Amino acid sequence: MSTKIAHDSSGTAGVQPEKKDRRLGLGALTALVVGSMIGGGAFNLAADLAQGANAGAILIGWVITGIGIIALGLSFQNLTMRRPDLDGGVYSYARAGFGQFVGFNSAWGYWLSAWLGNVAYATLLFSSVGYFFPIFEGGQNIASIIGASIMLWLVHSLILRGIHEASMINIITTIAKLVPIFAFITITLFFFNLDNFTFDFWGQGGFSWGSVRDQVVSTMLVTLWVFIGVEGAVVLSGRARKRSDVGKATVIGLLGTLIIYLLISVMSLGLMNPENVASASQPAMAYLLESAVGPWGAMLINGGLVISVLGAWLGWTLLAAEIPFVAGKDGVFPKWFTKENKNNAPANALWLTNGLIQLFLFTFLFSDAAYNFAFSLASSAILIPYAFSAFYQVKVAKNGIGYNAGERRTRDLIIGAVASIYGIWLIYAAGIDYLLLTTLLYAPGTLLYIKAQRENGIKTLTKTEWIVASILTVLAILAVVRIVSGNISVF
Ligand SMILES: NC(=[NH2+])NCCC[C@H](N)C(=O)O
């Protein structure tokens with residue numbers, strides 16, 4: 001993954017700093033865009049989808065996600081073009097369009113999602129390591145927590161020393177993830193059994209609107225999770241050698257990723273019936289391939305996963321520290337977050353981020369589906385920054401912000417509208433429980449916002465800010481009540 005947030009320390013990177021002006025052809029660019037979205041989610045995708053849905057609903061889920069994500073991706077691309085001055089990443093659109101408080105919450109949500117995603121990566125990583133070293137089996141036992149903690153602080157110290165993502169690391173991890181995934185798709189093609197795929201196609205023995213709707217809804221946080229990173233992927237398209245390739249690379253990259261995900265889920269359901277896919281051990285892709293070709297299949301996938309997730313972990317840690325750092329510089333987060341060490345690493349932001357990850361690693365002990373829980377939270381948390389970016393796209397197109405006089409804007413308006421509808425639909429689909437949990441994570445943010453505003457010389461919240469903050473707090477309390485009373489099963 002990669003982002004447009006440029007940290008002003010590129011000259012001091014410990015590992016080859018990436019050249020800013022490296023231009024790419026369409027092929028290389030597409031690989032980069034695809035590779036930046038695929039991290040770990042792909043490797044357990046089939047099981048995560050099959051847990052709540054059968055083939056028919058899964059296909060519908062992909063159609064909705066495809067339309068929504070492409071609209072969102074194109075919105076990000078358009079916003080990059082119309083507002084080149086906003087280089088703080090995703091949250092800066094929310095702020096430009098809807099003010100400081102919305103900007104703050106978008107940065108907060110994006111940050112939450114970034115590190116919660118790494119919690120998910122930790123358990124996924126160790127479930128794969130557990131294939132080779134059974135002591136870690138399952139990826140969420142005490143050994144895995146210790147292993148993940150060591151990894152966490154290793155990455156931490158590397159970043160404190162000033163390491164950046166190097167293009168070499170990107171190339172290696174991109175190959176390491178794409179080769180096993182393509183191998184999986186190609187091999188399972190030969191084992192595809194239409195009877196498996198059509199088995200109980202609509203679930204519950206036949207089609208019914210209510211059941212299919214519920215199934216589709218159940219896939220939405222999963223399909224979103226695997227597309228997180230789309231905002232950074234789009235920015236990569238800007239590195240096209242030819243100007244005309246920028247838009248093409250975005251669409252081809254997004255469609256390519258969609259097709260890969262679609263094939264992973266379809267091929268898995270062709271291999272065995274939905275119940276068996278759903279109950280495959282984590283990471284499902286490894287065990288599905290093993291069932292077809294024997295142990296080397298699992299080795300290939302698990303090996304690829306380990307490299308892929310390590311790369312993504314590093315990338316998302318850099319980003320997770322970068323978000324509050326940049327927001328701090330913009331006065332949206334407290335100044336505390338802007339502290340750098342002598343290697344120009346955002347030290348305070350990094351310590352807080354990794355400290356929280358460490359804390360959340362302990363939840364593995366109480367959880368029986370740690371990976372699922374963590375990525376669902378990461379997906380829910382990112383809804384605010386994504387939705388407000390989509391809303392801003394509508395605003396930009398409607399008011400002609402950054403457009404030449406007389407330039408046509410209808411297409412962009414439609415794209416923004418579709419992305420906005422997708423965003424709102426996701427909020428509905430996330431379900432009340434995840435929304436309540438998310439408010440629990442958003443509510444404490446308000447305290448930081450108040451601090452940041454004080455530093456800006458603004459002593460009181462505005463009336464709207466009070467109202468929103470109060471609603472958040474009430475919902476957060478409700479979340480706690482429901483957790484304590486056992487109505488939301490967190491673990
Ligand atoms: N650490 C994170 N926040 N990762 C989010 C990116 C998830 C990515 N799309 C994946 O499938 O793995």
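Treat the numbers as computed from the prediction; the structure is a model and nothing was measured. Each ligand, and each atom within it, is numbered from 1 in the order the structure gives.
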Judging by distance only, is a nitrogen or oxygen of Gly229 under 3.5 angstrom from one on ligand 1?
-> no

So, do Tyr428 and Trp425 have ring centers that fall under 6.0 Å from each other?
-> yes

Parallel under 30°, tilted from 30 to 60°, perpendicular over 60°: which one fits the rings of Phe197 and Phe192?
-> tilted

Numbered atoms and elements of ligand 1 in range of Gly117, under 4.0 angstrom, heavy atoms | 1 (N), 2 (C), 3 (N)

Which atoms of ligand 1 are found less than 4.0 Å from any heavy atom of Met37?
-> 8 (C), 9 (N), 10 (C), 11 (O)

Output field: ring centroids Tyr110/Tyr91 closer than 6.0 Å | no

Looking only at heavy atoms, which two atoms of Gly229 and Tyr386 are closest? And how far apart?
-> N-OH, 3.5 Å

Whether Trp115 and Phe360 hold their rings parallel, tilted or perpendicular, with breakpoints at 30° and 60° = perpendicular

Using side chain to side chain contact (heavy atoms under 4.5 Å, CB included) as the criterion, point out the one residue from Ile58, Val63, Ile64 that pairs with Ile60.
-> Ile64

Do any heavy atoms of Ala114 fall under 4.0 Å from ligand 1?
-> yes

Of all the atoms in ligand 1, which lie at a distance below 4.0 Å from a heavy atom belonging to Gly39?
-> 10 (C), 11 (O), 12 (O)

For ligand 1, which atoms, with element, lie under 4.0 Å from some heavy atom of Gly41?
-> 10 (C), 11 (O), 12 (O)

For Ser113, take its heavy atoms, then give the atoms of ligand 1 lying under 4.0 Å from any of them.
-> 3 (N)

Any side-chain donor-acceptor pair under 3.5 Å between Thr223 and Trp62?
-> no

Please indicate whether any nitrogen or oxygen in Gly40 is less than 3.5 Å from any nitrogen or oxygen in ligand 1.
-> yes

If you measure every N/O of Trp225 against every N/O of ligand 1, is any gap under 3.5 Å?
-> yes

What protein heavy atom sits nearest atom 4 (N) of ligand 1, and how far off is it?
-> Tyr121 OH, 3.3 Å

Side chains of Gln100 and Tyr449: does their closest heavy-atom pair fall under 4.5 Å?
-> yes

Ligand 1 and Asn118, any nitrogen or oxygen pair closer than 3.5 angstrom?
-> yes

